[in-house]
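No hydrogens, no waters, no symmetry mates; every other heavy atom, side chains included, goes into these values. By convention here, the first residue in the shown sequence is residue 1. Read the numbers this way: they start at 1 and go in the same order the structure lists the ligands and their atoms. This is a predicted model, so every value here is computed, not measured.
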Amino acid sequence: MSIRELDEKFVAGTYKRFPVETVSGHGSIAVGADGREYIDMGSGIGVTSFGISDDAWVAAVTRQLSRVQHMSNLYYTEPCAELARRLSERTGMKKVFFGNSGAEANECAIKVARKYAAERHGEDCFTIVTLKNSFHGRTLTTLAATGQDSFHKLFRPLTPGFCHVSAGDIGELYELSKSVAIAGIMIECVQGEGGVVALDADYIRAVAEFAAEIDAVLIVDEVQTGNGRTGELYSYMHFGIKPDVVTTAKGLGGGLPIGAAILGERVADVLGYGDHGSTFGGNPVACAGAISIIDRIDGALLADVRRKGDFIRAELEGAPGVESVSGLGLMLGIKTRRPAAEVVGDCIENGVLCLTAKDKVRLLPALNIPDDVLSRAVSVIKSACAKAD
Ligand SMILES: *Cc1c(COP(=O)(O)O)cnc(C)c1O
């Protein structure tokens with residue numbers, strides 16, 4: 001049986017895969033089983049921040065692998081403590097809880113908001129408000145947080161205590177707060193799975209102000225937008241707000257599973273012994289890889305991310321077959337005249353791997369994609385957009 005046949009027979013059918021079998025690669029180049037090279041414009045959905053098996057990350061991970069791969073959270077390990085220090089110092093926040101995924105990071109944030117509110121405002125104050133069209137994960141609680149009904153049907157009942165308001169309409173949030181005791185408000189500054197939709201800057205600031213005013217915990221979901229992706233270390237930094245909890249995952253680990261809930265001053269000590277945990281959380285190998293990622297995201301790299309994002313926009317905005325370009329930095333969505341899946345299919349045939357998000361072609365290339373590789377990929381994408389039906 002081919003890999004594809006084996007996969008289709010034995011792996012649960014939750015993913016519609018493209019007909020590409022990746023066997024190796026380096027940086028922004030993926031190599032297929034047939035020996036064909038592809039330019040990777042998806043980075044494993046924004047995970048391989050510095051590309052496939054990049055040298056610094058491989059060195060950091062293998063060094064740690066040969067020391068100790070896991071000890072449990074009953075003992076101290078250096079990579080976990082060092083990564084927590086870096087995330088705290090780089091955000092001006094205080095403490096970090098580590099899990100293994102974006103959903104787990106958001107679960108932690110929701111528990112923090114619930115406990116903070118229960119202690120400060122009583123146990124009837126538990127509602128978490130999120131935005132319509134948001135995406136926060138696939139567990140039953142983070143699905144409840146996800147403001148897209150298409151993910152909910154046939155999985156009810158979901159965890160109670162969630163409300164969704166329209167992004168951009170601050171009045172709806174004010175109105176809701178008159179009838180509902182709000183424990184926390186969770187937003188993505190750029191809605192990734194929702195179609196790479198950047199929220200309005202004034203709206204983001206108004207939400208942050210309102211959260212402070214009603215003493216609700218402000219959670220920014222940076223699972224996809226974080227770790228340099230938008231041209232700042234975390235996307236909230238574009239807007240001058242101070243979240244209480246920043247959740248992140250995807251690009252943090254550079255390719256190994258890790259999730260983090262970074263806790264600000266107000267909530268740093270809400271969770272105590274026994275309140276939360278995760279067997280693999282803070283795994284030394286995952287953390288060693290993440291340190292090598294975070295340490296390379298400096299001002300020069302972030303400026304480069306913005307420059308490359310501007311280059312892609314300038315090339316694609318107004319190009320034949322392109323209706324609009326949305327997003328921030330190297331997190332971009334292209335609304336195409338042709339169906340996005342067809343454009344992506346043509347790109348694969350021409351050696352470029354892209355993603356979709358709702359009705360858009362989504363680009364999340366490695367943060368360090370070389371200029372010449374990027375411009376080759378963009379010209380393939382341009383031709384695919386321009387192609388006649
Ligand atoms: C991917 C994603 C998640 C879920 O992350 P997992 O690691 O798949 O659990 C949550 N929030 C956002 C914004 C995401 O993009």
Have a look at ligand 1 and work out which part of [X], if any, has a heavy atom under 4.0 Å from it: side chain, backbone, both or neither.
X	result
Glu188	side chain
Ile45	neither
Glu104	neither
Ala249	neither

Practice task
Return the minimal non-hydrogen interatomic distance between Thr77 and Gly282, and the atom names on each side.
Solution key: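 Shortest heavy-atom contact: OG1-O, 4.2 Å.
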
Exercise for the section: Examine Gly137 against ligand 1 and note whether any of their N/O atoms are separated by less than 3.5 Å. Expected result: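 N/O-N/O distance below 3.5 Å does not exist for this pair.
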
Exercise for the section: Output yes when Glu5 and Lys9 qualify as a salt bridge under the 4.0 Å nitrogen-oxygen rule, no when they do not. Expected result: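 So Glu5 does not pair with Lys9 through a salt bridge.
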
Handout entry: Spacing of Cys189 atom SG and Tyr234 atom OH [to the nearest 0.5 Å]
Key =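 Between Cys189 SG and Tyr234 OH, I get 13.0 Å after rounding to 0.5 Å.
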
Exercise for the section: Give the residue, atom name and distance (to 0.1 Å) of the protein heavy atom nearest atom 9 (O) of ligand 1. Expected result: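 Going by distance alone, atom 9 (O) of ligand 1 is nearest to Ala103 N, 2.8 Å.
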
Problem - Taking atom 14 (C) of ligand 1 as the reference point, the nearest protein heavy atom with its distance - result: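 Here the closest protein heavy atom is Lys250 NZ, 3.0 Å.
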
Exercise for the section: List the steps and the verdict of side chain to side chain donor-acceptor pair (under 3.5 Å) for Asp55 and His26. Expected result: CA-CA 9 Å; Asp55 298 341; His26 195 252; 3.0 Å; yes

Problem - Sub-4.0 Å protein heavy atom near atom 5 (O) of ligand 1 - result: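 It does: a protein heavy atom is found less than 4.0 Å away from atom 5 (O) of ligand 1.
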
Problem - Atom CD of Glu123: over 12 foreign heavy atoms under 6.0 Å - result: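 Counting other residues, nucleotides and ligands, CD of Glu123 stays at 12 neighbours or fewer.
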
